[in-house]
Amino acid sequence: MITIDGVILKQMIISGSNNLYNAYPEVDALNVFPVPDGDTGTNMNLTMSSGAKEVFNKNENSIGVVAKDFARGLLMGARGNSGVILSQIFRGFAESLSGKDKVDAIGLAEAFVAGKDVAYKAVMRPVEGTILTVIREASAALYEKAERDMPIDQALDILSDAAKKSLEHTPDLLPVLKEVGVVDSGGAGLCKILEGFALALHNKIVEKEMATVTEKTAPYSTGKPMTADTVEGHGSVQAKFSHEEFGYCTQFLLQLADPNDLKGKKAFNEKRFKAVLEAHGNSIVFIHSDDLVKVHIHTMKPGNIFTYAQQFGEFKTMKCDNMSEQHEELLDDFESEEKKQGKEDSGEKLNVALKADKTLSGEDQAKHLGIDEEKKPKQKFALIAVAVGKGIEEMFRQSNVTYIVSGGQTMNPSTADFVNAIKEVNAENVLLFPNNGNIVMACSQAAELTKDIAHVAVVPTKTIPQGLTACMVFNPDVSLEENVKMMEESIQGVKSGEITYAIKDTTIDGVTVNKDQFMGIMGKKILCCHKHKINTLMELLEKMVDSDSSLITIICGEDVTAEEKEEVEGKVSEKYGDDFEIDVNYGNQPVYSFFVSVE
């Protein structure tokens with residue numbers, strides 16, 4: 001076979017998507033930091049799945065059309081920096097194939113080189129030793145070796161093999177990878193996709209399996225053993241790629257039964273409850289605070305989830321949306337808007353008319369706005385922030401935020417989530433607060449997609465404390481640009497830290513970390529590690545405080561008890577109370593015991 005068309009490209013895409021799905025826990029486990037939110041594989045998997053869904057049910061012979069549909073799906077489903085870069089690679093790939101029905105090895109090489117060019121341009125400060133290096137070196141190898149009449153499967157083998165070779169050398173370009181003993185996780189995910197492409201051309205289309213990783217030397221390791229607890233792929237695994245994977249967006253707030261008077265209910269076990277959720281769905285947000293449990297899950301069988309949950313208490317609120325129907329409506333709206341704008345031949349300036357998805361916030365957003373969705377007037381300003389945790393969400397609402405997009409650590413929202421939110425707030429000027437370094441690119445992509453809907457600016461907040469500080473200086477009487485300038489200046493004086501637990505043993509930046517200990521992190525550096533979370537917090541504060549500091553803010557996570565919060569207040573006040581204003585609040589955030597800011 002010398003050329004491929006749209007039908008064959010579709011098979012390659014499905015195979016590549018499934019190959020990544022089968023390996024994404026392994027990719028997650030390559031995270032350099034031993035934190036419980038290593039989600040590169042998850043983000044790339046969700047991004048790739050979104051692209052594959054766009055082409056799965058379409059019968060199209062033109063490779064240009066299939067590539068364009070695939071790129072559009074990736075664009076809207078992009079999550080995290082790795083997912084956004086992946087979407088940009090295939091955006092350039094699609095632009096190169098525009099108007100073509102078939103392509104040979106040379107044309108394919110040119111398309112991947114174009115994808116590399118677009119991806120590099122999308123990153124303000126490209127770093128070598130990452131997914132960018134892998135696509136650059138792999139595309140260059142194919143471009144150099146491609147010839148007319150070369151069998152197309154041979155061309156894909158060259159690309160895939162060059163990508164794997166490039167991945168092996170990423171630790172030589174990025175010292176932190178060598179120190180920890182892993183290769184780049186984003187590059188590893190791309191290798192899985194390209195491997196799946198190549199297998200499809202050898203008539204070995206990859207099907208989905210149960211995605212797991214067990215304690216072993218990871219397949220991508222540099223030879224140093226890497227331990228990880230068994231990680232199961234979220235959700236029931238379909239034997240083949242299916243539209244059913246959309247399932248139902250299921251949410252509820254559950255009032256737990258009194259443990260001293262169950263009245264026919266069962267005693268609540270958080271660990272077991274989470275395990276059941278993970279076995280029956282994905283995109284899970286789980287918040288447990290006192291006698292309330294809040295859940296967001298995408299599942300094929302919402303009835304089973306509701307029935308299971310009701311064993312432990314009674315529902316205060318329930319919500320269930322069919323995402324398959326919503327997806328079809330999104331596609332219809334997307335197509336009509338794209339045709340209206342006359343942009344059939346360009347994936348660069350898509351202006352998406354998307355139906356609002358109210359599952360984004362975990363709350364009834366229209367009710368929070370206090371206006372009828374059908375009649376709400378256009379606002380001058382709206383602030384959209386990413387947050388998870390009842391307490392943190394309320395802090396943002398009290399700090400001028402109009403709309404909360406649920407997510408953050410372990411669950412990065414997609415580009416489409418932000419596009420939907422921008423449309424929902426119906427404002428002339430919109431400020432986006434990602435509050436996580438891995439979400440900034442998705443926000444920026446959404447801002448580009450919606451620039452004909454509103455004036456959208458991204459305030460590059462990389463932590464919750466930065467986001468709260470920036471939102472508090474909002475001034476509705478000045479321009480969007482002036483607000484952004486004030487906000488960017490305000491976050492310059494914020495030092496952000498966090499306390500979380502280690503998921504594996506490692507040594508990084510000279511700090512020895514033991515599994516299950518608590519780590520004090522500031523920026524991208526682990527500064528301390530202890531068995532007890534409060535001891536870790538106190539040492540982290542010592543390293544963050546300086547002579548210019550005057551305010552300490554501590555936000556307690558869902559694992560912090562009332563007694564521990566009281567202990568924190570006492571110790572911090574005793575040590576810093578004479579010289580600092582101290583504020584300790586409950587944020588109820590998962591994963592992180594404490595968010596800390598020093599200003």
Side-chain angles (χ1 to χ4, degrees), residues 1-27 41 44-74 77 86-87 89-90 93-94 97 100-105 107-109 111-112 115 135 138 142 150-164 167 188-212 219-220 233-246 282:
M1 183 168 56
I2 305 301
T3 62
I4 56 173
D5 60 8
V7 173
I8 296 173
L9 178 60
K10 169 183 165 181
Q11 294 173 348
M12 292 165 58
I13 290 167
I14 293 170
S15 182
S17 178
N18 288 347
N19 202 45
L20 175 60
Y21 176 88
N22 294 341
Y24 81 83
E26 295 173 358
V27 177
M44 293 186 75
N45 171 52
L46 293 171
T47 302
M48 191 66 186
S49 294
S50 178
K53 287 169 185 173
E54 281 287 327
V55 302
F56 183 78
N57 289 319
K58 295 183 179 179
N59 295 313
E60 174 58 58
N61 291 320
S62 167
I63 194 170
V65 172
V66 172
K68 178 187 173 185
D69 289 344
F70 176 51
R72 179 177 58 195
L74 291 174
L86 183 67
S87 74
I89 290 171
F90 285 102
F93 178 87
L97 297 177
K100 297 179 181 179
D101 292 328
K102 297 181 179 181
V103 70
D104 61 9
L108 196 66
F112 277 107
I135 187 59
L142 178 57
M150 173 184 279
I152 204 75
D153 58 345
Q154 181 181 337
L156 259 295
D157 286 342
I158 291 171
L159 183 74
S160 179
D161 290 345
K164 292 174 184 177
L167 179 67
L190 179 62
C191 283
K192 281 297 177 182
I193 293 168
L194 298 181
E195 180 184 64
F197 283 6
L199 287 169
L201 292 179
H202 289 287
N203 297 316
K204 298 177 182 178
I205 296 176
V206 179
E207 294 188 354
K208 284 190 174 180
E209 301 170 357
M210 177 61 74
T212 62
Y220 291 123
H234 293 311
S236 57
V237 179
Q238 305 296 321
K240 295 183 179 180
F241 203 91
S242 167
H243 72 282
E244 290 182 342
E245 289 181 359
F246 288 107
N282 55 30

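Being a predicted model, the structure only gives us computed values, none of them experimental.
Judged purely by atom type and a 3.5 angstrom limit, D5 uses its side chain to pair as donor or acceptor with the backbone of I8. Looking at S15, its side chain does come within 3.5 Å of a backbone N or O of G196 through a donor-acceptor pair. The closest donor-acceptor contact from the side chain of S17 to the backbone of N45 lies at 3.5 Å or more, if one exists at all.
In this structure, D161 CG and L142 CG are separated by 11.0 Å, a value rounded to the nearest 0.5 Å. Atoms CD1 and CD1, on I4 and I63 in that order, are 4.0 Å from each other to the nearest 0.5 Å. To the nearest 0.5 Å, atoms CG (L201) and CE (M12) are separated by 5.0 Å. To the nearest 0.5 angstrom, L199 atom CG is 8.5 Å from D157 atom CG. Taken from CG in L194 to CD1 in I158, the straight-line distance is 13.0 Å, to the nearest 0.5 Å. Here the CD1 atom belonging to I14 is positioned 11.0 Å from the CZ atom belonging to F197, to the nearest 0.5 angstrom.
Here the shortest heavy-atom pairing between L97 and G107 reads CD2-O, 4.4 Å. The shortest non-hydrogen separation linking A138 to L159 is O-CD1, 3.5 Å. Taking all atoms of both residues into account, the shortest heavy-atom contact from K192 to N19 is O-ND2, 2.8 Å. Of all the heavy atoms in A155 and A105, the pair that sits closest is CB-CB, 3.9 Å.
In this structure, M48 and F70 have side chains that are in contact, with non-hydrogen atoms separated by less than 4.5 Å. Under the 4.5 Å side-chain criterion, counting only non-hydrogen atoms from C-beta, L9 is not in contact with V55. Taking 4.5 Å as the limit, every side-chain heavy atom of K58 sits out of range of all side-chain heavy atoms of V66. A heavy-atom distance below 4.5 Å is found between the side chains of K10 and N59. Side-chain atoms of I2 and M150, non-hydrogen and from C-beta on, never get closer than 4.5 Å to each other. Between T47 and F90 the shortest side-chain heavy-atom distance does not fall below 4.5 Å. Here the side chains of L156 and H202 are not in contact, with every heavy-atom distance at 4.5 Å or above. Counting only heavy atoms from C-beta outward, the side chains of T3 and I152 never approach each other to under 4.5 Å.
With a 6.0 Å radius and a threshold of 12 heavy atoms from other residues, nucleotides or ligands, K102 has its NZ atom at or below the threshold.
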Practice task
Please step through side chain to side chain contact (heavy atoms under 4.5 Å, CB included) for the pair D101 and N61, ending with a clear verdict.
Solution key: CA-CA 7 Å; D101 292 328; N61 291 320; over 6 Å; no
